[in-house]
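Structure record follows, encoded as structure tokens.
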Amino acid sequence: MIKVKNLSVNIGQKPVLKQINLEVEEGTVTAFVGPSGSGKTTLLRTLNLLQEPSEGSVEVNGSVAEAGHISKQVIAQVRQNSAMVFQQFNLFKNKTALENVAAPLILNGQLPKAAARQRAQEVLEQVGLGQVAHQYPVTLSGGQQQRVSIARAIAVRPKVILLDEPTSALDPELVESVLQTIAALAREHITMVLVTHEMEFARQIADQAVFIEDGEILDQGPAKELLSGDQPGRISTFVNSLEKVEIEK
Amino acid sequence: MNFDFSYFLSLFAQLIPYVPITLLMAVVSMVLAIVLGMVLTSFELTKVTPLRWFARFYISLFRGMPTLVQLFIIYYGLPQIFPVFRGIPALVAAIVGLGFKQSSYLAEIFRAAIGSVDDGQIEAGQSLNIKRSKLFFHVVLPQATVNALPATGNTFVSLIKETSLAFALGLTELFADGKMLAGDSFKYFETYLAVGVIYWIIIIIYTWLQSILENALQKPYRRVAHVVDQSEKPVREHRTETSFETN
Ligand SMILES: Nc1ncnc2c1ncn2[C@@H]1O[C@H](COP(=O)(O)OP(=O)(O)O)[C@@H](O)[C@H]1O
Ligand SMILES: [Mg+2]
């Protein structure tokens, strides 16, 4: 589904990602974990070509974006196949929940207006937000906003959903509803790549874990083992440091 | 003190017929200013460097000169250099002059309003494969309009007042009529106070209309009442015990 080959990304002069190689199988969940500033967001953004690769290539569902040769068509193809969910939700503030979900369908020409709104309503119901469909984002809690943004991403029926720390901006009591929503998508075998610090969650829903530090993939493998905290190496130091914080709370 | 109150009141009947010309000037120059302001803003936001330079130059020029001087340049000066402008009506000169001037302020307001729509929404739209132009018209512009409204309204208020400068081009609008009435009666205080009060009333009415418009347009961006969140599950005390098992 996703193939990343020898990918490097420089922002300005700074090498942010170095020689990344990665594969994501259809129907699986991949978790990116790693310290803050390690390049997780940049990697996720590159999978959607919001960030331009400096070297190497990114392939999403057969569309290949080769650094230096990225055409508008390739960008459109890649984005057609992937949808992103952001830490800060990034809902369109001038649109209701329903309009947010329907907008991509309508503006892409994917569906006529009435059908798009109907699909939007269905997807909102799927994430448990049928009753707030006609509310504007400001009137929704952070958890609800994030679920609307997940609904907006799944409504376009992408091949893969990319989620960047979807619960990091939420008050603790709102985290669970969002995680449950994501877990429900995982149960439907929707391909997902997510950046998260929620280790317990990642262990439970992810098939594959990718440990990133300083722009490099240091470890990669089955999530349950890799994130167990008793593997040798840096990753366990990192995983255990997160768990410790949770125990101290 | 010998304030002639009955004369003061009688002035309104003589001044009010000139309100329409004042409003006409203000409204038409505002429309012109909005159109030009949008053009300038689009120049400022393009990647085409000469257009950006032109917009910067224009804005700097029109903000940098007194309005009255600009009106004189257009009405008295231009026809001398370019004969095509000979015989340009004072009303047209005033509208053009005021419109050009205000457009330089509006361009800055529009640019700031567009800039204040956060990039995250644009990125979200792009990630969903929505074209930038569509995002601009469906997401950025509606929000920018609401952002720009208060400041745009303020420039309109200034514009209403600045139309009084058109008397200097020989145009009989509200202020010029006041001047004539004052010259006839020698009751300067009563006359100019009446003129001032009329401007004031126009602006009060306009400000009230604008607040209605702002209220209507800002509705989506306000938390009207705290919406009770019923869709979220009750808080769990030990989140780590929650199960997300996929199978
Ligand atoms: N737009 C940018 N300009 C400059 N530096 C950036 C930019 N985006 C990311 N970086 C840098 O790239 C590195 C990786 O950032 P990021 O991908 O956001 O990390 P993570 O998501 O793992 O916290 C950081 O050092 C960050 O400062
Ligand atoms: Mg990040």
Side-chain angles (χ1 to χ4, degrees), chain A residues 29 45 48-50 75-76 78-80 82-86 88-96 103-104 106-108 127-132 135-141 143-144 147 149 152-153 156 158 162 172-177 179-180 182-183 186-187 189 200-201 204-205 243 246, chain B residues 113-114 116-149 214-247:
Chain A
V29 176
R45 287 166 54 86
N48 194 249
L49 298 180
L50 281 177
I75 294 179
V78 166
R79 289 182 184 164
Q80 221 161 49
S82 60
M84 207 151 160
V85 171
F86 299 82
Q88 301 294 341
F89 334 131
N90 292 349
L91 292 179
F92 306 134
K93 294 197 179 75
N94 60 320
K95 295 185 184 297
T96 62
I106 297 166
L107 298 178
N108 286 338
V127 300
L129 292 177
Q131 320 93 308
V132 300
Q135 291 185 23
Y136 285 93
V138 279
T139 70
L140 301 174
S141 74
Q144 290 175 320
R147 283 185 288 154
S149 99
R152 182 174 65 176
V156 296
L162 311 168
E173 76 271 23
L174 304 182
V175 168
E176 194 197 322
S177 67
L179 295 184
Q180 292 290 6
I182 298 168
R187 281 193 290 272
H189 299 289
E200 180 56 27
F201 176 68
Q204 290 189 38
I205 78 148
E243 315 272 25
E246 287 197 332
Chain B
I114 288 171
S116 67
V117 178
D118 73 292
D119 292 343
Q121 296 177 57
I122 301 166
E123 285 216 318
Q126 285 183 298
S127 90
L128 293 159
N129 206 19
I130 303 173
K131 286 206 188 84
R132 280 200 80 115
S133 57
K134 296 219 164 161
L135 281 173
F136 182 79
F137 287 109
H138 290 88
V139 175
V140 178
L141 201 57
Q143 295 180 54
T145 305
V146 175
N147 293 344
L149 207 60
E214 276 176 28
N215 268 328
L217 289 180
Q218 282 168 354
K219 217 172 238 166
Y221 310 96
R222 256 197 320 262
R223 286 194 95 111
V224 186
H226 191 74
V227 179
V228 181
D229 192 344
Q230 289 158 333
S231 64
E232 242 120 40
K233 295 191 178 137
V235 182
R236 302 243 189 152
E237 287 195 355
H238 306 288
R239 273 211 318 102
T240 43
E241 286 172 18
T242 310
S243 173
F244 302 102
E245 274 310 339
T246 49
N247 282 310

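In what follows, every chain begins at residue 1, and chains take the letters A, B, ... in the order their sequences are listed.
- Residue Ile75(A) holds its CD1 atom at 10.0 Å from CG of Asn129(B), rounded to the nearest 0.5 Å.
- Note that CG of Asn94(A) is 11.5 Å distant from CG of Leu217(B), once rounded to the nearest 0.5 Å.
- Ranked by heavy-atom pairs shorter than 4.5 Å toward chain B, the options Thr96(A), Leu91(A), Val29(A), Leu162(A) are led by Leu91(A).
- Rounding to the nearest 0.5 Å places OH of Tyr136(A) at 11.5 Å from CZ of Arg222(B).
- In this structure, the portion of Asp118(B) lying under 4.5 Å from any heavy atom of chain A is its side chain and not its backbone.
- Under the side chain to side chain contact (heavy atoms under 4.5 Å, CB included) criterion, Ala148(B) pairs with Ile109(B), Phe110(B), Ala113(B), Thr152(B), sequence neighbours left out.
- Between Glu123(B) and Met84(A), the closest side-chain pair of non-hydrogen atoms is not below 4.5 Å.
- Within the 4.5 angstrom heavy-atom criterion, only backbone atoms of Ser82(A) (N, CA, C, O) approach chain B.
- For Phe86(A), the part sitting under 4.5 Å from any heavy atom of chain B is the side chain, from C-beta outward, and nothing else.
- Separating the CG atom in Asn48(A) from the OG atom in Ser127(B) is a distance of 5.0 Å, to the nearest 0.5 Å.
- Scanning both residues, Ile130(B) and Pro104(A), for their nearest heavy atoms gives CD1-CA, 3.7 Å.
- Nearest approach of Ala153(A) to Leu128(B), heavy atoms of both residues: CA-CD2, 4.1 Å.
- Of the atoms belonging to Ile122(B), not a single heavy atom falls under 4.5 Å from chain A.
- For residues 131-148 of chain B, no pair satisfies salt bridge (Lys or Arg N to Asp or Glu O under 4.0 Å), with sequence neighbours left out.
- Between chain B and the residues Gln80(A), Arg45(A), Lys93(A), Gln88(A), the most heavy-atom pairs under 4.5 angstrom are made by Lys93(A).
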